Amino acid sequence: MATIMRFVNSSLRSRMGHPSIALSCSASVARAVSFGVAAAKPLPAKVKIVEVGPRDGLQNEKAVVPAEVKIQLIDMLAEAGLPVIEATSFVSPKWVPQMADQVEVMQGIHKKPGVNYPVLTPNLKGFQAAVKAGAQEVAIFGAASELFSKKNINCSVEESLQRFEEVMKAAKEQGVPVRGYVSCVLGCPYEGKVSPEKVAQVAKRLYAMGCYEISLGDTIGVGTPGGMSEMLEAVRKEVPVDALAVHCHDTYGQALANILVALQMGISVVDSSIAGLGGCPYAQGASGNVATEDVVYMLHGLGIQTGVDLHKLMDAGAFICQFLNRRTSSKVAQASCKL
Amino acid sequence: MGNIPSAVKHCLSYETLAQDYPWLVRWLQEEKYGAICEFPKTVKVVEVGPRDGLQNEKEMVPTGVKIQLINMLSETGLSVIEATSFVSSKWVPQIEAGATEVAILGSASETFSKKNINCSIEESMLRFKELISSAKQAGIPVRGYVSCALGCPYEGRIEPEKVTEVAKRLYDLGCYEVSLGDTTGEGTPKSMAMMLQSVMKEIPTSALAVHCHDTYGQALANILIALQMGISVVDSSVAGLGGCPYAPGASGNVSTEDVVYMLHGLGIETGVNLSKVIDAGEFICQALNRRTNSKVAQATVKS
């Protein structure tokens, strides 16, 4: 009996974060029972949403968006209460014309206090340009698939991580936090199935290099909740769950279900894109990023705090869709007639 | 045991723990082995496209097209394809016409009941009692539906206890299965869990189904939580046919293709051939001259 009690105690402590036995036990039981889920996993009380629309979203939209529109979008998103907004990418305009106005955008946005505006930096040159333009946080990316890495950035996973060591070193020297991305965590358009252990390895490397957070991306959206939980199980053995985020694509409609399972496993950072901007380059006509409005709707329905005002968020979505002359991919926006 | 507070001694007996909180025992085991929870091994998918889906489409569908759709769906492995209409006062001709199963619709919302079928919940139950006893005499199984299970377009929030009351009435009257419908699609996994927790106290889980609408994109997440709670019957509509009459331009039913994709990804057996469902979806969308609502179809069909 004492063994069971200790086991319950340690499990509950790791969940609840404080050592009190009796109160934790009964509070957890009461809370779990009232939530009503048979295999109750306490959900996080707060979730940080990382808005990737202005970068990941727009990068995958056909129409090139002028800097002033991007700036207005980013400012509207900040007003909606989003704590992190990926503003742009310091990649060569030759490769990504959409991000050619990177400096103008960086310098034009109204940086709201308390909001982070990370930018993508594929190499040291990009990093230096980013810092010069005023960036205070950067992001780097690795892939969990060798073939994807070779086809996407023309080098192996190991080589890409070595390139990023340079960026990490410079970032450390200048006190710039770095966020890491791992792509293809639930499947690769070239390799097919990706092993959870490979994802864990790459995530561990990025974390050990100094990334404060690792965002695990289901790049082609093929993942389902079973695969998501298997992958997270492997990764959280190597990286603390507080330092993990999920970046789900809704190409097969699985994003919200995958996010729910991630929350059940302790993830409390979710990437999403306003209006579900950004198609999928690997499936013509298919959708890509999960819509921020739909994620926020679910989180608020679950009683989870995000700090986001859903109405203002929908206004930002309506604004960019009007400019792009496209229908929103957000179901919440469609249902609320904010097209 | 000396340093354990007396307040908690009642839950120290493993037998009591296991009896009173079976979920806690499962949770402890899962914590050890890292699995998230057990899903049902098989799930029955109830295809409502030909009825619920087409009923809510603007375009009128010629009978020949409807028949071909049903025939194509029959080839997919789907074991239940709803071609029935809801029983109304004109039920006798339907049964005489050879219907092998009928469905009755109750509502968890008084206002919805009055606006939709022009009578109160109580009045509808009295009508159903008659209908079900005749159906029983004719040996025809009856499936019950409860609409507005997670919210009403007129009343707003619906108490789980009200859903339970109505569901229990339908079950006690003789429905072999009760499908709980999120008519407006506004439900989220928490409201789904709370509603199911209430209903499952009165009706065996094996006699329950969920009928989720994807109007706010929440359907698959809601279905997932229902599966985690032991539900093993899910309603869906091929190509996500059927808009939402309460939110113009919005989607309605969840797509069968997307549901089956998730179930198969979870290792759950459905007996359904996903490519054939996609084909059936492509066929009906072409006939209706509309884009599919299924993301799986969008990602796989070269349109």
Side-chain angles (χ1 to χ4, degrees), chain A residues 1-2 4-5 7-8 11 21-22 25-26 29 32-41 43 221-227 229 233 250-257 259-261 264-265 280 283-287 290-291 293-294 297-303 330-332 334-337 339, chain B residues 1 4-5 7-8 11-14 17 21 23-24 26-28 30-31 34-39 185 187-191 193-194 196-198 214-218 220-221 223-225 228-230 244 247-251 255 258 261-262 264-267 294-296 298-300 302-303:
Chain A
M1 283 197 279
I4 283 291
M5 208 50 224
F7 188 65
V8 169
S11 308
I21 304 175
C25 180
S26 55
V29 162
V33 166
S34 71
F35 187 86
V37 180
K41 305 287 183 190
L43 298 181
V222 288
T224 51
S229 69
E233 198 49 52
D250 205 33
T251 319
Y252 293 81
Q254 309 296 304
L256 285 193
I259 290 169
L260 179 64
V261 143
Q264 290 176 333
M265 292 187 74
C280 178
Q284 290 300 331
S287 61
V290 67
E293 298 93 316
D294 299 359
Y297 184 93
M298 181 173 80
L299 295 176
H300 289 183
L302 287 165
S330 156
K331 293 231 164 156
V332 169
Q334 285 169 23
S336 313
C337 294
L339 300 165
Chain B
M1 289 266 284
I4 305 293
V8 93
C11 66
L12 285 187
S13 147
Y14 187 78
L17 256 184
Y21 305 114
W23 64 266
L24 181 58
R26 263 202 308 278
W27 184 47
L28 293 173
E30 283 142 20
E31 193 75 1
I36 191 157
C37 66
E38 272 182 29
F39 289 102
T188 55
K190 182 174 177 182
S191 57
M194 289 175 72
L196 285 177
Q197 197 204 7
S198 172
D214 205 34
T215 320
Y216 293 83
Q218 309 296 305
L220 284 193
I223 290 168
L224 181 70
I225 207 115
Q228 288 178 337
M229 291 179 74
C244 177
S251 62
S255 307
D258 300 0
Y261 183 95
M262 180 173 80
H264 288 184
L266 285 164
S294 156
K295 295 235 165 154
V296 168
Q298 284 170 24
T300 50
K302 314 280 176 202
S303 49

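Quick caveat, the model's predicted, so the values are computed rather than measured. Every chain is numbered from 1 and lettered A, B, ... according to where its sequence line falls, protein lines coming before strand lines.
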Does any backbone or side-chain atom of Val222(A) lie under 4.5 Å from a heavy atom of chain B? Answer side chain, backbone, both or neither.
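Both parts, heavy atoms under 4.5 Å.
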Toward chain B, the part of Leu260(A) with a non-hydrogen atom under 4.5 Å:
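The side chain, not the backbone.
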If you round to the nearest 0.5 Å, how far is CD of Gln254(A) from CG of Asp258(B)?
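Reported value, rounded in 0.5 Å steps: 6.5 Å.
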Closest heavy-atom contact between [X] and [Y]?
X: Thr251(A); Y: Ala299(B); value: O-CB, 3.7 Å
X: Pro225(A); Y: Met262(B); value: CD-CG, 3.9 Å
X: Asp250(A); Y: Lys295(B); value: OD2-NZ, 2.8 Å
X: Tyr261(B); Y: Thr224(A); value: CE2-CG2, 3.6 Å
X: Thr300(B); Y: Tyr252(A); value: CG2-CE2, 4.1 Å

Which atoms of Leu220(B) approach chain A - backbone, side chain, both or neither, heavy atom under 4.5 Å:
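It is both, since atoms from each part get that close.
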Using a cut-off of under 4.5 Å for heavy-atom pairs, which of Gly187(B), Ala221(B), Gly265(B) has the most such pairs with chain A?
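That would be Ala221(B).
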